[in-house]
Colleague: 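Sharing a structure with you now.
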Amino acid sequence: MTHQTLQIDARRGAAVITMARERVRNAFNETMIEELDAAFRALGADPDVRAIVLAARGPAFCAGADLEWMARMADFSAQQNHDDALQLARMLRTISACPKPTLARVHGDAYGGGLGLVAACDIAFAASGATFCLSEARLGLIPATIAPHVVRAIGPRHALRYFQTAETFDSAEAMRIGLVHGVAERERLDGVIGEVLEALLLTSSRAAREAKRLVHDVAGRPLTDELLVDTAERIATARGSEDGREGVRAFLQKRKPRWQTQDSRGDADDDDEEM
């Protein structure tokens with residue numbers, strides 16, 4: 001597939017999606033939103049792919065909305081604005097619901113919707129010089145479409161501050177509030193992400209997928225009898241699965257597991273429905 005705004009590479013079971021609009025600091029327009037949505041859908045369904053890294057070219061990770069795109073929005077009807085915002089919201093949901101582990105490689109600044117991309121990924125690492133900003137309030141707007149992902153990442157208390165003040169904060173603060181999992185010097189960023197990818201490649205792809213689904217399903221739910229039954233059923237299913245039995249055997253026999261539901265190509269027999 002040919003892309004106007006992205007570059008996609010595969011490396012040892014990991015696919016790297018690189019935003020390639022460095023001339024405009026990787027700000028997104030409708031084309032980039034559509035291509036990101038399609039890329040995460042395709043790679044999420046690809047049995048050769050075990051994990052997906054979202055990266056970017058140029059000095060910035062993503063500056064949010066493209067200025068030319070925003071200028072066109074000024075003449076949109078209410079219905080056009082709604083449809084346009086819904087396209088962005090659906091793209092972010094595609095990233096969040098992707099059945100493969102997703103990692104954000106934030107080498108530079110992430111503003112507005114760019115910060116939303118970081119929050120929508122499962123795992124994120126930032127370079128020490130990167131800055132972040134939920135800048136919408138400065139424009140008389142609100143970060144509505146990215147809010148479900150950002151609030152889930154940083155919590156409502158931190159969201160209340162940064163949604164309203166539109167302050168810029170650094171990567172250390174991003175880690176403190178839970179937006180990113182770690183910070184490294186830019187030249188060490190690939191090494192840090194590589195270590196996480198190596199860890200992911202050792203796991204059962206089916207177990208990793210179900211673990212991701214588990215987090216989405218239990219987060220924020222009260223500890224009711226229904227939830228207890230749900231989680232008990234999930235672990236019982238995992239224990240009885242081919243990978244579950246093989247993993248326990250391998251642990252007891254002190255050897256590497258030979259996963260039954262994946263081969264060197266990836267997770268060939270998984271059903272890749274959305275979560």
Colleague: Go through the structure and list residues passing side chain to side chain contact (heavy atoms under 4.5 Å, CB included) with Thr145, not counting sequence neighbours.
Modeller: Ala85, Leu88, Ala89

Colleague: Can you tell me if Gln79 and Asp83 form a side-chain donor-acceptor pair at under 3.5 Å?
Modeller: yes

Colleague: Please test Arg206 against Glu242 for salt bridge (Lys or Arg N to Asp or Glu O under 4.0 Å), starting from the C-alpha separation and ending with a verdict.
Modeller: CA-CA 10 Å; Arg206 185 179 293 276; Glu242 291 182 346; over 6 Å; no

Colleague: How close do Cys133 and Ala166 get, counting heavy atoms only, and between which atoms?
Modeller: SG-O, 3.2 Å

Colleague: With salt bridge (Lys or Arg N to Asp or Glu O under 4.0 Å) as the test, would you mind laying out the steps for Arg25 and Asp109 before giving the verdict?
Modeller: CA-CA 9 Å; Arg25 296 174 64 81; Asp109 299 343; 3.1 Å; yes

Colleague: Could you pull out the closest heavy-atom pair between Val151 and Ala159, with the gap in Å?
Modeller: CG2-CB, 3.9 Å

Colleague: Examine the side chains of Thr31 and Gln4 and answer whether a donor and an acceptor come within less than 3.5 Å of each other.
Modeller: no

Colleague: In Å, rounded to the nearest 0.5 Å, how long is the span from CD of Gln87 to CG of Asp37?
Modeller: 8.0 Å

Colleague: Any side-chain heavy atom of Phe28 within less than 4.5 Å of one from Cys62?
Modeller: yes

Colleague: If you define the side chain from C-beta out and look only at heavy atoms, does anything of Ile8 sit under 4.5 Å from Val16?
Modeller: no

Colleague: In this structure, are over 12 heavy atoms from other groups packed under 6.0 Å from Glu187 atom CD?
Modeller: yes

Colleague: Counting only N and O atoms by type, is there a donor-acceptor contact under 3.5 Å from the side chain of Trp259 to the main-chain atoms of Glu246?
Modeller: no

Colleague: Report yes if the side chains of Leu103 and Leu200 come closer than 4.5 Å at any heavy-atom pair, otherwise no.
Modeller: yes

Colleague: Identify whether the distance between the nearest side-chain nitrogen and carboxylate oxygen of Asp217 and Arg234 falls below 4.0 Å.
Modeller: yes

Colleague: Can you see which heavy atom on Phe169 is nearest to which on Tyr162, and at what distance?
Modeller: CD2-CE2, 3.5 Å

Colleague: Under 3.5 Å, side-chain donor or acceptor atoms of residues 188-199 against the rest of the protein: list the pairs with distances, not counting sequence neighbours.
Modeller:
residue, atom, partner, partner atom, Å
Asp190, OD1, Arg105, NE, 2.6
Asp190, OD1, Arg105, NH2, 3.4
Glu198, OE2, Arg12, NH1, 2.6

Colleague: Check whether more than 12 heavy atoms from other residues, nucleotides or ligands sit under 6.0 Å from atom CD of Glu22, and answer yes or no.
Modeller: yes

Colleague: Is there side-chain contact between Met19 and Phe61, with heavy atoms separated by less than 4.5 Å?
Modeller: yes

Colleague: Could you tell me which non-hydrogen atom of Ala60 sits nearest to which non-hydrogen atom of Ala56, and how far apart they are?
Modeller: O-CB, 3.8 Å

Colleague: Check for me, please, whether Val53 and Ile17 land in the same ILVMFWY cluster - side-chain distances under 4.5 Å, paths through other members count.
Modeller: no

Colleague: Answer yes or no: does atom CZ of Arg255 have more than 12 heavy-atom neighbours from other residues, nucleotides or ligands under 6.0 Å?
Modeller: yes

Colleague: Is the backbone N or O of Met32 less than 3.5 Å from a side-chain atom of Glu35, with the two atoms forming a donor-acceptor pair by type?
Modeller: no

Colleague: Hydrophobic cluster membership, with links at side-chain heavy-atom distances under 4.5 Å among I/L/V/M/F/W/Y: are Leu228 and Leu214 in one?
Modeller: yes

Colleague: State, with a plain yes or no, whether a side-chain heavy atom of Ser171 is found less than 4.5 Å away from one of Phe132.
Modeller: yes

Colleague: Could you state the interatomic distance from CZ (Phe40) to SG (Cys121), rounded to the nearest 0.5 Å?
Modeller: 5.0 Å

Colleague: Please name the pair of heavy atoms, one in Val183 and one in Ala127, separated by the smallest distance, quoted to 0.1 Å.
Modeller: CG1-C, 4.1 Å

Colleague: For Thr102 and Ile52, indicate whether the former's side chain and the latter's backbone hold a donor-acceptor pair under 3.5 Å.
Modeller: no

Colleague: Heavy atoms only: give me the nearest Gly58-His107 pair and the separation to one decimal.
Modeller: O-NE2, 2.5 Å

